[in-house]
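Here's the structure, in C-alpha cells; my notes come after.
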Amino acid sequence: MSANLLAIFYLISGILFILALRGLSSPETSRKGNLFGIIGMAIAIGVTFLSVGNFSTGFLYVLGFLLIGGTTGAFIAYKIPMTAMPELVAGFHSLVGLAAVFVAISAFLNPEVFNLGSLGNIKIASLIEMSLGASIGAITFTGSIIAFLKLKGIMSGSPITFGGQHYLNLALGLILLGLIFYLCKTQVDTWFWTIILISFLVGVLLIIPIGGADMPVVISMLNSYSGWAAAGIGFTLENSALIITGALVGSSGAILSYIMCKGMNRSFFNVILGGFGGTDQSSSEKGKEQKPVKNGNADDAAFLMKNASSVIIVPGYGMAVAQAQHALREMVDALKKNGVKVTYAIHPVAGRMPGHMNVLLAEANVPYDEVFELEEINNDFATCDVAYVIGANDVTNPAAKSDPQSPIYGMPILDVEKSKSVLFVKRSLSPGYAGIDNDLFYKDNTLMLFADAKKMTEDIIKGL
Amino acid sequence: MEIDPFIFRLSIFILSIFIGYYVVWSVTPSLHTPLMSVTNAISSVIIVGAIIAALAGNSGNIFDTANIFGFLAIILAAVNIFGGFLVTQRMLAMYKKKKKDK
C-alpha cells in the first residue's frame, strides 16, 4: 500500500473518531457514535497490517497478543460494576500512558523502521517529539496509578504534602527539559532512560498532594495528558490518525478539567497544587459545639414525600458507595404511583468523575430526561416540597454563598435549602470531603435521616 | 522554497485541537463518563505504532528488544481498545428515554 493511500486511511479513521465524540451530544446519537469509533479503530489497525505487509511468524504473535489484550479488556468491560467506573477510567489512562512510553522506547531503539534516522543519529525533531511523548506518557502512567489507588481506597484519599514539594516538582520539570536538550545534543541513550525514570517520579509527586474530592479534576487532567502523549508519539510516527486523536483527547480532557474546576469555583492551579480536603480547616473549628438537629426516621420521610406534590432527588458520592441507585429508583416509582412529581438534580462535581451520577442513575433505569444539571433545575428548589439529599453534602452547603470564610465560598451549589423541607440521608454528622460543617443540617426545615443510604431508601419504600 | 512536512502535521494538530474544543463542548454533561471512556479507547490508536514496532525488521529474531516493547504496547493498547469501546457501549445502552405510555 502506498504511503499516500495509507495516510488517507488514517485520515478517515481520524474523522470517524471526531464523529464518535460528536455523537455524544445526545444519548440517541451516542450509540451510533461509538460504532463510528470502533470502525475508525478497525480501519487504522487493518491498514497498518497491510502496510507492514509482513505476514510471517511475527504477525501471528501480533494477533496473539492483540487477542490476549482484547479478551482481557472485554472481560473487564463486562464485569466492572458501574460504581467502579472512576477507577476503571483511571486504570485505562495508565495503560495508554505506558503504551506511549513503550512505543517511544521501541522507536528510540529501532529508528530505521519509522524513518527517523539511525540509532545514535536520530533526527532532532523526532527526538524531541518522542522524548516529550515518552515523558508525558510516563507521567500519565504513574499519575493514573496513584489516582487509581486513591479511588479504589487502597491509598488514603487525603492529600500527602511535604515542605518544598512544589519546588521539587518545578526542579524536576526543569531537569526534564535540560535532559531533553542534552539528549538531542549528544544522542546518548542514558539521557533517554533518565527522562523516563524522572517522569515516572513526577507522575507520582504530581498526584499524591491532591485530595479525594478533587479526583474529578485529576481524572480529567490525566485524560488530557494521555491525549498529549498520544499526539507526541503521533508526530514521531508521522501518523495523522494519532495526531488527530491526541489533539481531540487532549482538548477533551482539558475542557472536562475546566468544567470540574468551575463546578468547585477553584482555579486549575489551586487544584494541582493540592492539599485541599481531608485536613482540618480552621474556619470549621469555631462552630463545632453541638447544635440541635432534627432527627427523623424512614416513616417520617415516607409521610413527607407521599404528601408532597414535587420531590427533587440530589444524589452524591455516598449513593455510589452505598450502591443505593436501584433502591432509589424503586422509591421514586412508588412516589410516582402516588402522583408525586419527581426529578433529579446533579451537581457538576457530584461523585468522583464527570457524569458519574448520570451513569449510575441510567444503570438503575432512570430515564435521562428526568435528570437535570445544576443550571437547569436550581430555580425549581424554591417551589419544590421535598429535597431528598442522598449521599451528597458539600454541593448543598449554603456556606458557599453566605460565608466568605468558608473554603468552598463561591462554589456553585444546589439551592436545596430553598425547598419546603429537606431530607438529608447521611451516616453521621461528620463533615464531607472538604472538611467543613454543613449549616443545612441545623436548619428548621431539615430532617436528618441517619443511616446507610441504601438501607434508609429501602425502609422508606416500605413506608410508602 | 519547500515547506517542511512537520508544518503540515502541526497544522493538522492545531486544527484538531479546535475541532476537539467545539465538539467536546457540545457533549451533554450527562454523557461525560462515556466521553472519558471513549476518548480512552480512541487514544489507544497508538497501537498502530506498536504494531509497526513489533513487526520491525524481524528477519531472524522476532524478540529483539525493540520488538518486545512493541508487543507489550500491543497488549496494553488492546486492553484499552476493547475495554474502552465495550464499556462505553454498555453504558450508552443504559441511557433510556421516559416511556411515553403511563
Side-chain angles (χ1 to χ4, degrees), chain A residues 17 21-22 24-25 27 30-31 34 37-38 41 44 48 52 54 58 62 65-66 69-70 72-74 76-77 85 89 92 95-96 98-100 102-103 105-106 109-110 113 223 226-227 230 233 237 240-245 247-249 251-252 255 354-355 358-359 362-363 367-369 373, chain B residues 6 9 12-13 16-17 19-21 23-24 26-33 35-40 42-46 48-51 53-56 58 62 65-66 69-89 91-92 94-98:
Chain A
F17 292 153
L21 299 194
R22 183 77 189 93
L24 291 170
S25 58
S30 61
R31 286 172 275 260
N34 198 42
I38 294 172
M41 188 61 74
T48 307
V52 177
N54 178 352
V62 169
F65 285 121
L66 196 68
T72 318
I76 298 172
M85 209 45 76
V89 169
F92 278 170
L95 298 184
V96 181
L98 194 58
F102 286 166
V103 174
I105 291 177
S106 41
L109 293 176
N110 204 349
V113 195
N223 185 236
S226 69
I233 304 296
L237 308 185
S240 53
L242 206 40
I243 296 177
I244 295 175
T245 315
L248 290 178
V249 177
S251 50
S252 161
I255 291 174
N358 302 81
V359 169
E363 186 200 10
Y368 61 82
D369 37 8
E373 304 299 317
Chain B
F6 171 78
R9 285 190 282 276
I12 295 178
F13 180 61
S16 303
I17 292 179
I19 295 175
Y21 180 85
V23 168
V24 171
S26 74
V27 171
T28 161
S30 67
L31 292 177
H32 275 163
T33 299
L35 171 68
M36 301 198 89
S37 59
V38 85
T39 50
N40 232 314
I42 64 173
S43 54
S44 302
V45 71
I46 202 159
V48 165
I51 293 171
L55 291 176
N58 56 30
I62 319 168
T65 327
F69 278 110
F71 283 123
L72 290 176
I74 289 179
I75 300 182
L76 297 177
V79 172
N80 240 334
I81 293 173
F82 283 77
F85 279 124
L86 288 173
V87 88
T88 310
Q89 199 169 39
M91 276 191 271
L92 293 177
M94 299 184 313
Y95 282 82
K96 289 182 200 92
K97 243 194 153 116
K98 211 180 329 196

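Below, chains carry the letters A, B, ... as their sequence lines are ordered, and counting in each starts from 1. Every value quoted in this text rests on a predicted model; they were computed, and no experiment measured them.
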Taking side chain as everything from C-beta outward and backbone as N, CA, C, O, which of these in B:V48 sits under 4.5 Å from a heavy atom of chain A? Side chain, backbone, both or neither. both
What part of B:I81 gets within 4.5 angstrom of chain A, counting heavy atoms only: side chain, backbone, both, or neither? side chain
So what's closer than 4.5 Å to chain B heavy atoms on [X]: side chain, backbone, both or neither?
X      : result
A:N34  : both
A:L237 : side chain
A:T245 : side chain
A:E373 : side chain
A:S25  : both

Most contacts with chain B, counted as non-hydrogen pairs under 4.5 angstrom, among [options]:
options                       : result
A:G70, A:P27, A:G37           : A:G70
A:V96, A:T72, A:I233          : A:V96
A:I105, A:I255, A:L98, A:L242 : A:I255

Contact leader toward chain A among [options], where contacts are heavy-atom pairs under 4.5 Å:
options                    : value
B:I17, B:L72, B:V24, B:T33 : B:T33
B:I51, B:V38, B:I12        : B:I51
B:S37, B:S44, B:A77, B:G20 : B:G20
B:T88, B:L35, B:I74, B:N80 : B:N80

Quick one: are [X] and [Y] in side-chain contact, heavy atoms under 4.5 Å?
X      : Y      : value
A:F17  : B:T39  : no
B:H32  : A:N358 : no
A:Y368 : B:K97  : yes
A:L109 : B:F69  : yes

Hits for side-chain contact (heavy atoms from CB on, under 4.5 Å) against A:S30, two or more places apart or cross-chain, chain-then-number order -> A:L24, B:L31, B:L92
For B:I19, which residues count as a side-chain contact (heavy atoms from CB on, under 4.5 Å) partner, sequence neighbours excluded? A:I18, A:L248, B:V23
Quick check for you: to the nearest 0.5 Å, what is the distance between B:R9 atom CZ and A:I244 atom CD1? 12.5 Å
Shortest non-hydrogen contact from B:F82 toward A:A74: CB-N, 4.1 Å
Within the supplied structure, the quantity of interest is the number of heavy atoms (other residues, nucleotides, ligands) at a distance under 6.0 Å from B:F13 CZ; does it exceed 12? yes
